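For clarity, every value in this text was computed on a predicted model and none was experimentally measured.
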Amino acid sequence: LLQEKRMAASEVPIEELVPSELGTKEYWTSAYKTELNNFADHGDVGEVWFGEDAAARMVNWMADNPEHIQPDYSILDLGTGNGMLCVDLAREGFTNITGVDYCQEAIDLARKVSAEAGEDVKFELEI
């Protein structure tokens, strides 16, 4: 008979992930400096890191389900980046939106994108 040996969780070897530059503030500072320049030069709001389709699905669900989330409920977007999710929510009528990031350049870009779109969204730096 084939017998299985059950190992305790402490016996299972743990494989560490290799650190990524995406986990550093330096990476995001550099990336958003470039995005700020691109926005100033070309009006390009930059990358939506988790995908525009995913953002559209979230915004549409929230707008289509007022029984779960009213337009004046507080919405907090952590890691807001360029702030496009916040801008899209404001365009759908949500009024109490705050975008937070730990990168000043991301906050600067988000504020410029929001102003250009004519939407009133609050963006804050949190370190």
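Counting only residues at least two apart or on different chains, no salt bridge (Lys or Arg N to Asp or Glu O under 4.0 Å) pair has a member in residues 97-110. Within the structure, side-chain hydrogen bond (donor to acceptor under 3.5 Å, both in side chains) contacts touching residues 110-127 (residues at least two apart or in different chains) are Lys122-Glu124. Every pair tested for side-chain hydrogen bond (donor to acceptor under 3.5 Å, both in side chains) that includes a residue from residues 39-48 fails, sequence neighbours excluded, so the list is empty. Residue pairs meeting the ring pair (Phe, Tyr, Trp, His ring centres under 6.0 Å) criterion with at least one partner in residues 63-105, sequence neighbours excluded, are Trp61-His68. Applying the side-chain hydrogen bond (donor to acceptor under 3.5 Å, both in side chains) test to pairs two or more places apart or on separate chains, those with a residue in residues 24-37 are Tyr32-Trp49.
Using modelled atom types, no side-chain atom of Asn65 and backbone atom of Glu67 make a donor-acceptor pair closer than 3.5 Å.
Across Gly81 and Ala110, no two heavy atoms sit closer than the pair O-CB, 3.6 Å. Residue Pro71 comes nearest to Gly93 through the heavy atom pair CB-O, 3.5 Å, listed as atom of the first residue, atom of the second, then distance. Between Ala90 and Val121, the shortest heavy-atom distance links the atoms CB-CG2, 4.0 Å. Contact record, Cys86 with Thr80: SG-OG1, 3.6 Å, taken as the closest heavy-atom pair.
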What side-chain donor-acceptor pairs closer than 3.5 Å can you find for residues 12-22, not counting sequence neighbours?
unit_1, atom_1, unit_2, atom_2, d
Ser20, OG, Leu22, N, 3.0

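Asn82 contributes atom CG, which lies 10.5 Å from atom CG of Leu36 (distance to the nearest 0.5 angstrom). A distance of 9.0 Å separates CZ of Phe123 from OG1 of Thr98, quoted to the nearest 0.5 Å.
Put simply, the side chain of Met58 does not reach to within 4.5 Å of the side chain of Leu89, judged on heavy atoms. Contact check for Val87 versus Val45: no side-chain heavy atoms found under the 4.5 Å cut-off.
Qualifying salt bridge (Lys or Arg N to Asp or Glu O under 4.0 Å) partners for Asp88, counting only residues two or more places apart in sequence or in other chains: Arg91. In this view, Asn96 and Ser74 satisfy the side chain to side chain donor-acceptor pair (under 3.5 Å) rule, not counting sequence neighbours. Partners of Ala54 under the side-chain contact (heavy atoms from CB on, under 4.5 Å) rule, at least two apart in sequence or in another chain, are Phe50, Arg57. Listed by chain and residue number, nothing satisfies the side chain to side chain donor-acceptor pair (under 3.5 Å) test with Gln70 (two or more places apart in sequence, or in another chain).
Apart from Leu78 itself, the hydrophobic cluster it occupies contains Leu76, Val100, where clustering links Ile, Leu, Val, Met, Phe, Trp and Tyr at side-chain heavy-atom distances under 4.5 Å.
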